Amino acid sequence: MLAKPAGQPPRAIAEALAARLTADPRIVSAEVAGPGFLNLRLSPESWRAIVRAALVEGRDYGRSTMGRGVRVNVEFVSANPTGPMHVGHTRGAVFGDALAALLDFAGHEVTREYYINDAGAQVDVLARSAYERYREAHGLSPEIAEGLYPGDYLIPVGEALKAKFGDALLERPEADWLAPVREFATAEMMQMIREDLALLGVKMDVFSSEKAITASGKIEEAIAALRGMGLIYEGVLEPPKGKLPEDWEEREQTLFRSTAHGDDVDRPVRKSDGSWTYFAPDIAYHWDKVSRGFDQLIDVLGADHGGYVKRLKAVVSALSGGRVPLEVKLIQLVKLFKNGEPFKMSKRAGTFVTLRDVVEQAGPDVTRFVMLTRKNDAALDFDFDKVLEQSKDNPVFYVQYAHARVCSVVRKATEAGIVATDATLARADLGHLAHEAELALAKKIAEWPRLVEIAARGQEPHRVAFYLYELASDLHALWNRGNEDAALRFIQEDADVSRAKIALARAAGVVISAGLGILGVTPAEEMR
RNA sequence: GGCCCCGUAGCUCAGGGGAUAGAGCGACCGCCUCCUAAGCGGUAGGUCACAGGUUCGAAUCCUGUCGGGGCCGCCA
């Protein structure tokens, strides 16, 4: 890296650096290797200092100031208020929540936000579906026409409508009942969604309503702003390349010049009949987010929204004058398996697996951890049997087990009359930690602060999950070394020595606890 | 036709300009009179899809090809 600007061969630079660095007391040796690598060996005391720092700082150890003063809005889930959340939403919810927690740990000021699509045609469909259930509640047979939502979850909504409105809405034209039923049903759906989220332990800071944004005139405001920049015009779109759709015809409509901000084609904001497209409220919503003063926006969307990313970025770029970056995190599909067989999910057949199904069977900890063991842009296999098995196929148990072992050590020590609070341990003479296996664990603990920053910078919470697995592995390894070599057990005859060893275990426990906290997983104190 | 994601060990996946490419599962060999063996140690297993290019150096960056998935007109 330095070779070019310095105009010297890499090895020469490395040797020069090595000479200087060996003078530092914290560095035991600095050796040049290979074509110009510099291997530094830190003193055991450096690693012991890490253990002490972890104990003193506790769950704040590794917290970064990297995002200081940066206000980030993380929008996630944003499921339509038309039914219960399913597996796909679950992954988005877990990812968004963990990403928000990660950014928070890295020092950002984070807002978790849910955008309620409560204004489009889909909520009218919901209202019509609920109305049929309302009729059903009155003993009439429901007519669930093609395109309506057939799910049983609307039956109680029909009952509730009956309780609220009695028979006042029966035998009336749609114009009379559509609005009140829509209001009522979307409120019910949002209630259900909030409960689903609560099952997963996800708590939003802000719920934004499409309806409210639309009603407040923000669409017109945002479009006017874009128009002021010369980015809105009346025009005709090019037909799509390739084979032309059967009924393609040219239509003049209002377009957004998204190509000026990196998109491939301009996008319609008004239909030819003058009403807004779906895109228009989204423009307004992002305008709203920008005007609330966020420094960075993150949208967590399903992978099927991939074709939508460029226009969203274009809008935010235009409306913020390039000030606010928008990152869109696409969440790939969750493939369900049962008995090793793919498990087909169909909304129409009513065989779709809900968030509730998953969480009630697997529990929130397993659900969250498993869904975070893959990068967001790779598809995820979710095998019910493996997940329910609660075996070592489940990395979450492996990590929790490590934490439980640490807790177990502390319990045993306390029973043996050794004071083992973190405050006491932090004052222990860590000079008793000298074995390479012990220092190896300390080194892994030392990686935590840097890992947090890397993961936050890349917006990749899965890195935390993989790191915790490695940390747990190092702890289990050291634990088992105690089977062969009694000197490596955490609890020793000598109380001072014990405290040093337990301090190391606790330091690992503290990091596991903090890491699991980011992932939203409970650090188990014992395994049952 | 265009756009997005993926292609790394038998399987599931990490790594995303630097050293001998890592882990889990599966296979094989070992480890409990001892802090929880739900654990640990070891062995075997790889032309990092392919072809070019950039670079002192490419699994990693660029271009193209092939394979898998997803998306693409006033549907939200």
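Small disclaimer: the values here were computed from a predicted structure and weren't measured. The basis for the numbers below is simple: all heavy atoms, side chains too, and nothing from hydrogens, waters or symmetry mates. First the proteins, then the strands, lettered A, B, ... as listed; each starts at 1.
Remark: the Arg489(A) side chain and the C34(B) base include a donor-acceptor N/O pair separated by less than 3.5 Å.
Glycosidic torsion of C32(B) falls within 90° of 0, placing the base in syn.
Partners of Glu220(A) under the salt bridge (Lys or Arg N to Asp or Glu O under 4.0 Å) rule, at least two apart in sequence or in another chain, do not exist in this structure. Applying the side chain to side chain donor-acceptor pair (under 3.5 Å) test to Asp474(A) and every residue at least two apart in sequence or in another chain returns nothing. With sequence neighbours left out, the ring-ring contact (aromatic ring centres under 6.0 Å, His included) criterion links Phe256(A) to no other residue. Judged as a side chain to side chain donor-acceptor pair (under 3.5 Å), and not counting sequence neighbours, the contacts of Glu174(A) are Arg128(A). With sequence neighbours left out, the ring-ring contact (aromatic ring centres under 6.0 Å, His included) criterion links Phe76(A) to no other residue. Applying the side chain to side chain donor-acceptor pair (under 3.5 Å) test to Ser272(A) and every residue at least two apart in sequence or in another chain returns nothing. Considering only residues two or more places apart in sequence or on other chains, Asp422(A) meets the salt bridge (Lys or Arg N to Asp or Glu O under 4.0 Å) condition with Arg506(A). Listed by chain and number, the residues in a side chain to side chain donor-acceptor pair (under 3.5 Å) with Thr186(A) amount to none (sequence neighbours excluded).
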List, with names and distances, any nitrogen or oxygen atoms from the protein found under 3.5 Å away from nitrogen or oxygen atoms belonging to nucleotides 4-10 of chain B.
from: C5(B); atom 1: O2'; to: Asp377(A); atom 2: O; distance (Å): 2.5

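Among the heavy atoms of the strands, none lies under 4.0 Å from Arg481(A). Looking at heavy-atom distances under 4.0 Å, Ser272(A) makes contact with a base. Within the 4.0 angstrom heavy-atom criterion, no nucleotide atom of any strand lies near Ala486(A). Counting any heavy atom pair closer than 4.0 Å across all strands shown, Arg270(A) reaches no nucleic acid atom. Residue Asn117(A) is classed as having no contact, given no heavy-atom separation below 4.0 Å to the nucleic acid.
If you take atom C1' in G15(B) and the same atom in A58(B), they sit 14 Å apart, rounded to whole Å. Comparing the same atom, C1', in C13(B) and in G26(B) gives a spacing of 15 Å after rounding to whole Å. Taking atom C1' in both A76(B) and C71(B), one finds a spacing of 15 Å when rounded to whole Å.
The stretch residues 487-497 of chain A participates, sequence neighbours left out, in these side chain to side chain donor-acceptor pair (under 3.5 Å) pairs: Asp496(A)-Arg499(A).
At least one side-chain nitrogen or oxygen of Trp479(A) sits closer than 4.0 Å to the OP1 or OP2 atom of A37(B). OP1 and OP2 of A76(B) both lie 4.0 Å or more from every side-chain N or O belonging to Tyr149(A).
Separating the CD1 atom of Ile491(A) from the C1' atom of C34(B) is a distance of 12 Å, rounded to the nearest angstrom. What separates CZ of Phe337(A) from C1' of C13(B) is a distance of 14 Å, to the nearest Å. Atoms CG (Asn480(A)) and C1' (A37(B)) sit 7 Å apart, rounded to a whole Å. Separating the OH atom of Tyr308(A) from the P atom of G70(B) is a distance of 21 Å, rounded to the nearest angstrom. In this structure, Trp276(A) atom CH2 and C75(B) atom C1' are separated by 18 Å, rounded to whole Å. Distance Glu470(A) CD to A23(B) P: 10 Å, rounded to the nearest Å. Taking atom CG on Asn376(A) and atom P on G70(B), their separation rounds to 18 Å, with Å as the unit.
Side-chain N/O atoms of Asn117(A) and Glu210(A) include a donor and acceptor closer than 3.5 Å.
A donor-acceptor pair is defined here as one N or O able to donate and one able to accept, closer than 3.5 Å; such a pair exists between the side chain of Asp266(A) and the backbone of Thr259(A). Judged by distance alone, the side chain of Asn80(A) and the main-chain N or O of Thr82(A) form no donor-acceptor pair under 3.5 Å.
The stretch residues 447-460 of chain A has no heavy atom under 4.0 Å from RNA chain B, so no residue of it qualifies as close.
Every stem involving RNA chain B, taken as at least 3 paired positions in a row under the Watson-Crick or G-U wobble test at 3.5 Å, is listed here: B:1-7 with B:66-72, B:10-13 with B:22-25, B:27-31 with B:39-43, B:49-53 with B:61-65.
Along RNA chain B, the nucleotide closest to Tyr278(A) and the one closest to Thr373(A) are compared, and the more 5′ of them pairs with Thr373(A). Between Arg463(A) and Tyr401(A), the residue whose closest nucleotide on RNA chain B is further toward the 5' end is Arg463(A).
Heavy-atom minimum distance, Ala472(A) versus Val399(A): CB-CA, 4.0 Å.
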